[in-house]
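Report on one structure; see the data block that follows.
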Amino acid sequence: MKQLVQIFASVIIIALGLQYLVVYLNAEQGYSGDNTLTVYNWGDYIEPELIAEFEEETGIKVIYQTFDSNEAMLTKIQQGGTTYDIAVPSEYAISKMKEEELLLPIDHSLIPNLKYINPRFLDLSFDRGNEYSIPYFWGTVGIIYNASLLPEGIEFESWDDLWDDRLDNQILLVDGAREVMGFALNSLGYSLNDTNEEHLQEAKRKLNELTPNVKAIVGDEIKMLLAGEEAGAGVVWSGDAAEIMGENENLDYVIPKEGSNLWFDNMVIPKTARNIEGAHKFINFMLEPDNAARNAEYVGYSTPNQAAMELLPEEISEDERFYPDEELTERLEVYRNLGKRMLAHYNELFLEFKMHRK
Amino acid sequence: MRNKWRPANLYLVAVFAVLYAPIFYLMFYSFNSGGTMHGFESFTWEWYAEVFQDTRLLIIVLNTLVIALLSAAISTILGVVGALAITHVRRHRRRKALLSLNNVLIVSPDVIIGASFLILFTMIGIRLGFTSVLLSHIAFSVPIAVLMILPKLEEMSPTLVDAARDLGASRLDVLTKVILPFIRPGIFAGFFMALTYSLDDFAVTFFVTGNGYATLAVEIYSRARQGISLSINALSTLIFLFTIILVTGYYFINRRGAKQVGWEAGK
Amino acid sequence: MRNSLKNVYLIPYCLWILLFVVAPIVLIVYYSLFDIEGNFTFANYANFFTPVYMKMTLSSFWYAFLITLFSLLIAYPAAYLLTKTKHKRLWLMLIILPSWINLLLKAYAFLGIFGTYGAANALLEVLGIGSQQILFTDFSFVFVSVYIFIPFMILPVFNALEEMNTGLIDAARDLGASGWTTFRRVVVPLTMNGVKAGCQAVFIPALSLFMITRLIAGNRVITLGTAIEQHFLVTQDWGMGATIAVFLIIAMAAIMVLTGGRKRGIELEK
């Protein structure tokens with residue numbers, strides 16, 4: 001008995017000692033003071049040096065926290081038990097957050113650098129007048145392929161090329177209902193915001209036929225798998241493609257000719273923010289052309305910042321795969337918020353496709 | 001005689017080899033200068049240096065340890081209480097009901113536990129962070145502690161307790177002098193499993209954490225977007241070696257202690 | 001009645017049960033009665049009985065069964081042999097230790113090991129079998145699941161074997177029973193409780209596996225757990241997610257009652 005008490009007491013004492021150490025380290029690093037800014041962003045979605053520079057310039061300590069899906073982020077902010085000063089959701093999540101009144105309006109007079117943003121990316125349907133959100137990055141969905149692993153003569157111009165018999169067990173798909181259903185709809189010539197039940201069923205039947213070619217439907221591991229030459233082709237977001245191509249030169253990226261998705265990640269200030277002034281400073285800092293260019297180079301996604309484009313090396317800014325020309329851009333569509341019920345239906349169809357066995 | 005155990009030993013060796021294969025794989029690549037977990041380039045200590053420079057990572061490791069130790073200790077104590085409570089319920093049906101309720105959390109998918117705890121904490125008004133994570137880790141470790149302790153308690157013959165009572169021992173005496181020493185192995189098993197559950201958990205913590213608080217599993221998950229940085233491998237290697245030394249050391253010290261006690265008692 | 005009055009232990013324990021077990025169950029049942037737009041409905045339950053979810057349930061049970069079976073087949077001899085080793089407690093701890101390393105990391109390691117250019121394929125190449133697709137198959141899924149769950153099977157079986165009175169085995173041997181007969185007639189029945197505990201500890205969580213269904217099986221295997229995760233995190237259709245959870249809880253209770261019932265039988269025999 002004595003031994004039991006001793007052991008449990010020492011365990012608790014050790015734990016409390018460690019907790020003290022944590023508090024001490026936090027204080028020493030400035031994480032627990034008042035002058036902090038909590039940034040809630042996607043993992044690995046910012047040049048870390050920029051955070052350090054922002055801290056130096058403003059004296060504000062940045063706490064960088066990450067999420068892995070818009071939905072996870074939404075849930076956390078909805079629940080209200082958190083204080084995030086900046087979040088970076090995608091466009092459909094922004095319109096959801098607007099509906100649920102989870103955002104604070106952004107004071108444009110505090111963000112002079114807004115003038116650097118290409119007007120093409122402002123005043124879009126999900127946030128008219130950019131009242132609540134400021135563009136951070138944008139991109140597309142397309143096909144990445146590794147010619148050295150595929151039978152000769154295979155080219156990707158159209159989504160239909162994915163259905164080629166010779167691609168047996170070669171394709172990796174990103175695990176997103178809207179992305180996968182979206183390209184199936186695109187391949188049939190429909191809009192990726194289509195809500196017509198017949199069209200959706202047709203798309204799902206077409207996807208079922210793709211099953212023999214699909215090796216796996218995966219999440220972020222897709223980058224590692226493609227770079228490691230585990231599969232010959234994949235459907236991915238453009239930024240991921242840029243990253244994979246940086247690691248493995250055998251790969252190339254195309255946006256199929258039928259069109260595809262155009263998406264945006266914008267900076268917002270959630271309603272629970274504490275340091276609103278700091279949040280504005282942070283947004284303005286990230287829009288500084290030099291900072292935006294460095295950030296774009298690090299992250300690999302396309303920047304909406306016109307002035308930053310000019311600072312980027314030509315091989316990046318002239319790359320049509322990541323900065324497509326006007327003609328192709330015309331055929332890219334932004335996801336509309338289809339409403340919860342439709343989104344659930346998309347997911348249901350995607351689930352059925354996943355369960356369809358060869 | 002010796003030869004007879006050869007294939008048997010081989011089997012155990014194989015089981016251990018498979019169990020440790022992925023861990024050695026991680027360890028191996030923690031020395032890769034190439035920066036990825038495929039294609040070993042050349043040997044480097046770079047990632048280990050990175051671990052020690054990253055204060056935030058260190059804070060997170062400490063967080064993880066604090067949560068694991070505290071939740072394991074508290075849930076084991078609660079587990080003892082729970083197991084005693086269950087054995088004291090004599091009616092079969094009620095007892096079974098209690099046991100089923102106990103097991104609900106073990107078998108519920110982590111996502112559900114996480115989501116429902118999140119709703120719960122919001123309703124009660126607990127701020128997401130250390131407290132919410134600690135509470136949920138205690139909550140989901142209690143049932144496994146109960147399950148580890150219960151068989152020991154059931155094994156104990158009631159006559160032992162009755163005898164002690166007859167000899168005039170108070171309820172407290174019976175508990176501390178008879179019951180607890182007898183179920184000690186169960187308590188340790190419970191503590192050990194609670195620790196395992198806590199260190200292993202990702203999904204529940206992911207739901208109930210917030211405001212900059214993170215445990216290792218959550219941090220790894222968010223860093224994994226770019227393929228895991230090898231500094232995480234280096235960190236895991238360090239933690240792993242540390243625990244191996246700790247466990248082995250504890251075992252042998254304990255054994256020596258036990259032997260001495262036994263010897264003295266024999267005298 | 002007298003008993004429950006005296007049972008002071010019940011108070012803190014019941015408090016815990018109320019707060020962290022009953023309250024969440026009530027919440028889940030409550031949520032399962034609302035559709036995605038927040039209207040009261042039983043549609044979620046009707047939806048569960050459509051072919052999609054029925055198929056998913058069946059395949060979940062099938063995989064959980066396979067995982068439990070292989071876990072038991074591997075764990076039982078391992079536990080048995082462990083009890084024969086010199087430092088058995090230490091070895092047992094070392095069996096559990098790998099589960100302290102983050103699951104996601106181990107899954108990534110398996111991605112590397114099972115990959116086209118990984119160690120497993122290199123071994124097959126050396127053995128002359130040639131490179132195979134291992135990743136994203138049923139085999140890799142079951143293998144990694146068994147890997148995850150095996151400590152939870154070994155532990156109770158080991159404890160049961162330890163508690164077994166060795167005198168009984170000696171007695172059986174003295175009476176002329178062969179090694180196999182002793183094992184079948186004495187060892188197995190006496191360790192049945194441990195086996196049951198182990199099977200419960202493996203089968204039920206295996207029903208709701210997720211994450212490795214994506215990482216290791218590439219979403220080629222869809223379990224009820226995956227669907228719940230999807231509904232809670234992606235579609236935000238909490239109603240449907242909660243409905244599946246309700247069925248999982250029911251399945252769990254049924255399994256507990258079934259295995260628990262037989263346990264009483266054994267006790268009576270004693």
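Just the heavy atoms: all of them, side chains too, but no hydrogens, waters or symmetry mates, feed the values below. Each chain gets a letter, A, B and so on, in the order its sequence line appears, and its residues count up from 1. These numbers come from a predicted model, not from an experiment.
- Around CZ of Phe183(C), the count of heavy atoms belonging to other residues, nucleotides or ligands within 6.0 Å exceeds 12.
- Ranked by heavy-atom pairs under 4.5 Å with chain C, the list Leu84(B), Leu199(B), Ile138(B) is led by Leu84(B).
- Aromatic ring centroids of Phe117(B) and Phe20(C) lie under 6.0 Å apart.
- Between chain B and the residues Leu103(C), Ile17(C), Leu97(C), Leu209(C), the largest count of heavy-atom pairs under 4.5 Å involves Leu97(C).
- For a residue to count as touching a neighbouring chain, one of its non-hydrogen atoms must lie under 4.5 Å from one of that chain's; by this rule Phe28(B) does not touch chain C.
- The heavy-atom pair separating Val15(B) from Ala78(C) by the smallest distance is CG2-CB, 4.3 Å.
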Tyr20(B) vs Ile101(C), side chain to side chain contact (heavy atoms under 4.5 Å, CB included): CA-CA, chis, key distance, verdict: CA-CA 10 Å; Tyr20(B) 281 83; Ile101(C) 298 289; over 6 Å; no
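- Rounded to the nearest 0.5 angstrom, Lys106(C) NZ and Asp200(B) CG are separated by 6.0 Å.
- Heavy-atom distances place both the backbone and the side chain of Ile74(C) under 4.5 Å from chain B.
- Annotation: the span from Tyr13(C) atom OH to Leu101(B) atom CG amounts to 8.0 Å, rounded to 0.5 Å.
- The shortest side-chain heavy-atom distance between Trp16(C) and Val146(B) does not fall under the 4.5 Å cut-off.
- Residue Phe203(C): no heavy atom, backbone or side chain, is found under 4.5 Å from chain B.
- Of all the heavy atoms in Ser116(B) and Leu27(C), the pair that sits closest is O-CD1, 4.0 Å.
- Heavy-atom distances place both the backbone and the side chain of Ile113(C) under 4.5 Å from chain B.
- With a 4.5 Å cut-off on non-hydrogen atoms, Trp91(C) touches chain B through its backbone and its side chain both.
- Interface remark: Leu224(C) contributes no atoms to any contact with chain B (heavy atom separation under 4.5 Å).
- For Pro156(C), no part sits under 4.5 Å from any heavy atom of chain B, backbone or side chain.
- Between Trp100(C) and Phe192(B), the distance separating the two ring centers is shorter than 6.0 angstrom.
- With rounding to the nearest 0.5 angstrom, the CG atom of Leu147(B) is 8.0 Å from the CD atom of Gln200(C).
- Both the backbone and the side chain of Ile95(C) come within less than 4.5 Å of a heavy atom of chain B.
- For Tyr31(C), the part lying under 4.5 angstrom from a heavy atom of chain B is the side chain only.
- With a 4.5 Å cut-off on non-hydrogen atoms, Ile86(B) touches chain C through its side chain but not through its backbone.
- At a 4.5 Å heavy-atom cutoff, the contact between Leu90(C) and chain B is made by backbone and side-chain atoms alike.
- With a 4.5 Å cut-off on non-hydrogen atoms, Leu82(C) touches chain B through its backbone and its side chain both.
- With rounding to the nearest 0.5 angstrom, the CE atom of Met148(B) is 5.0 Å from the CG atom of Leu155(C).
- A pairwise comparison of heavy atoms in Leu120(B) and Ala23(C) identifies CD1-CB, 3.9 Å as the closest pair.
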message: Applying side chain to side chain contact (heavy atoms under 4.5 Å, CB included) to Ile244(B) and Leu94(C), what does each step give before you reach the verdict?
response: CA-CA 8 Å; Ile244(B) 285 262; Leu94(C) 290 180; 3.9 Å; yes
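- Only the side chain of Ala203(B) comes within contact range of chain C, judged by heavy atoms closer than 4.5 Å.
- Per-residue counts of heavy-atom pairs under 4.5 Å with chain C were compared for Val18(B), Leu19(B), Val81(B), Ile239(B); the largest is that of Leu19(B).
- Put simply, of Leu99(B), Leu195(B), Ile113(B), Val80(B), the one with the most heavy-atom pairs under 4.5 Å next to chain C is Leu195(B).
- For the set Asn102(B), Leu135(B), Leu216(B), the entry with the most heavy-atom pairs within less than 4.5 Å of chain C is Asn102(B).
- One finds the CZ atom of Phe110(C) at 10.0 Å from the CG atom of Leu26(B) (value rounded to the nearest 0.5 Å).
- Within the 4.5 angstrom heavy-atom criterion, only side-chain atoms of Phe207(B), from C-beta onward, approach chain C.
- Of the inter-residue distances, the one linking Leu105(C) atom CG with Ile220(B) atom CD1 reads 4.0 Å to the nearest 0.5 angstrom.
- The most heavy-atom pairs under 4.5 Å with chain B, out of Ile96(C), Ile28(C), Leu207(C), come from Ile96(C).
- Interface residue Pro143(B): backbone and side-chain heavy atoms are both found under 4.5 Å from chain C.
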